[in-house]
S.K.: 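My structure is below; once you've seen it, I'll send some questions.
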Amino acid sequence: MGESLLGVSNAVFERVAQVVGTPTYVYSAAAIRHQWTALADAVAAVSHRVHYSVKANSNLAILGLLRDLGAGVDIVSGGELARVLRAGFSGPDIVFSGVGKTASELEGALTADVGLVNVESEVEFDALSAVAARLGKLVRVGIRVNPDVTTDTHPHTQTGHKGMKFGVPLHRAEQLAVRMAQTPRIRLCGVGMHLGSQITDPTSYQTGAARLCNLVDAIRSHGIDTLESLDIGGGFAVSHGDTNALDLHALAAGVAPMLKRTGLRLLIEPGRLIIGNAGVLLTRVVYRKSASDHSFLIVDAGMNDFMRPMLYQAFHDIDVVSSGDVHRDAEPGRVDVVGPICESGDYQALDRLLEPVGAGGLLAIRGAGAYGFSMSSTYNSRPRAAEVLVDNTRFGIIRRREKLDDLWRDESVTPIWMDD
Ligand SMILES: *Cc1c(COP(=O)(O)O)cnc(C)c1O
């Protein structure tokens, strides 16, 4: 991404930290556009639509930027539905996925005329057809299949092999498709899968897509001719530490012939690929502390702000933007970068070799654009971080830092008694 991080100079990071404070998430519009274009180029030979996976980063400004680029969205909750409508997306742009959609979420989806509801079980389908009947609405549905493909990613981010809660088992999908075709107000428009996250091996997608194509043949053999799309999900790896990115051209080359044979449109649902490496978390060093043989940098971003290191043991590169209070002759050294929270899992990096940095220094935790802010919480009554978008030489606040009284806005010192 060029010489400076995300095409954003250290001077801009310093300025953001001065004006907005820390911890702050900073995203680069140029980096997002760059990723969008790289993906679009790779799949250009296949009829396709990209549905950005909103849970990776759901800030309205990020959604607006992607909408302007022509993205659709993939959502997994009623809250995300409300968000994408607020950001200006309309029904046909939306794919609704998720294993536990409630009746009221399904109602919201039908009222918004979403383009595709990806059904993940027979029982969900029963609930959906009941809602469709009640509202008298036609629903475009897809079947999210569990294609039983094992992937090379962290156990918490695998979703596509047998025995997991996700998707309809492959051997039951054909029968479900037949039931769908016989159900009033249901139109079966697609089949799909989502294998997991941070997947580096393109053959996983090829194997899964081949199984989906066999299913398409089986469905069509019943005279069902309403299929329009085949959705290979998201999970495309970006480079993180020593992990390589998924080769998008190899991915496209692997699935294109199958797509062409079926005549279906390719749907893809990337989250991390679009925004992961387009964001950093800026954090200030509060103290530098030594204990026995260890040096700690205690920073102002905790696991409530950025959970990935603790939750997935994720490795994120850290850049020293400015060194703060260090001795002139200090050498690079190994440090644990830890947060202020009372949990021993509260760290951003362990035993990391960093340029000399002391109290007041500014760090940029890289690769924090996806599953960073969107997974953050207010644990320890810490207001959530601010978010900033840099576009060319300008930067703008896209979410102000949460205020203290936001923390208890919906609480009441005196219980609101409900049963008298
Ligand atoms: C989370 C998710 C994605 C996006 O995963 P990334 O690893 O961010 O690309 C896509 N589709 C579905 C159904 C998801 O749940």
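In this chain, residues are counted from 1 in sequence order. Whatever order the structure lists ligands and atoms in, that order sets their numbers, starting from 1.
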S.K.: Enumerate, atom names and distances included, each donor-acceptor pair closer than 3.5 Å involving a side-chain atom of residues 168-175, sequence neighbours excluded.
M.R.:
residue: R172; atom: NE; partner: E122; partner atom: OE2; Å: 2.9
residue: R172; atom: NH2; partner: E122; partner atom: OE1; Å: 3.3
residue: E174; atom: OE2; partner: H222; partner atom: NE2; Å: 2.7

S.K.: Relative to ligand 1, is P270 under 4.0 angstrom through side chain, backbone, both or neither, heavy atoms considered?
M.R.: backbone
S.K.: To check your reading of the model: name the closest protein heavy atom to atom 8 (O) of ligand 1, its residue, and the distance in Å.
M.R.: Y371 OH, 2.6 Å
S.K.: State which residues pass side-chain contact (heavy atoms from CB on, under 4.5 Å) with N59; sequence neighbours excluded, sorted by chain then number.
M.R.: N57, A61, I62, E387, I398, R399
S.K.: Between the candidates M193, Q198, K55, E120, which shows the shortest non-hydrogen contact distance to atom 2 (C) of ligand 1?
M.R.: K55
S.K.: Within a distance under 4.0 Å of any heavy atom of R144, pick out the atoms of ligand 1 and give their elements.
M.R.: 13 (C)
S.K.: What atoms of ligand 1 come closer than 4.0 angstrom to any heavy atom of R272?
M.R.: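 Listed by number with element, the hits are 6 (P), 8 (O), 9 (O).
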S.K.: Would you call R261-D217 a salt bridge at under 4.0 Å N-O?
M.R.: yes
S.K.: Give the atom numbers and elements of ligand 1 that come within less than 4.0 Å of a heavy atom of S53.
M.R.: 1 (C), 2 (C), 3 (C), 4 (C), 10 (C)
S.K.: With side chains defined as the heavy atoms from C-beta onward, is the minimum distance between S90 and P92 less than 4.5 Å?
M.R.: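 A side-chain contact exists here, since the closest heavy-atom pair is under 4.5 Å.
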S.K.: Near G235, which atoms of ligand 1 are under 4.0 Å from a heavy atom of that residue?
M.R.: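 The atoms of ligand 1 under 4.0 Å from a heavy atom of G235 are 5 (O), 6 (P), 7 (O), 9 (O).
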S.K.: Do N380 and E343 come within less than 4.5 Å of each other through their side chains, counting heavy atoms only?
M.R.: no
S.K.: Taking the side chain as every heavy atom from C-beta outward, state whether V388 and V19 have any pair of such atoms under 4.5 Å apart.
M.R.: no
S.K.: Find the distance between CZ (F315) and NE2 (H240) and round it off to the nearest 0.5 Å.
M.R.: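 Here the rounded value is 10.5 Å.
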S.K.: What atoms of ligand 1 come within less than 4.0 Å of a heavy atom belonging to S197?
M.R.: 6 (P), 7 (O)
S.K.: Applying a heavy-atom cut-off of 4.0 Å, say which part of D74 lies close to ligand 1: side chain, backbone, both or neither.
M.R.: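 D74 to ligand 1: side-chain contact only, backbone stays beyond 4.0 Å.
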S.K.: Is it the case that ligand 1 has an N or O less than 3.5 angstrom from some N or O of A56?
M.R.: no
S.K.: Applying a strict 4.0 Å limit to heavy atoms, is G233 in contact with ligand 1?
M.R.: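 No, G233 has no heavy atom closer than 4.0 Å to ligand 1.
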S.K.: In the protein, which heavy atom is nearest to atom 13 (C) of ligand 1, and how far is it?
M.R.: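 Residue, atom and distance for the closest contact: E269 OE1, 3.4 Å.
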S.K.: Locate the shortest heavy-atom distance separating I318 from R352; write the atom from each residue and the value.
M.R.: N-NH1, 3.7 Å
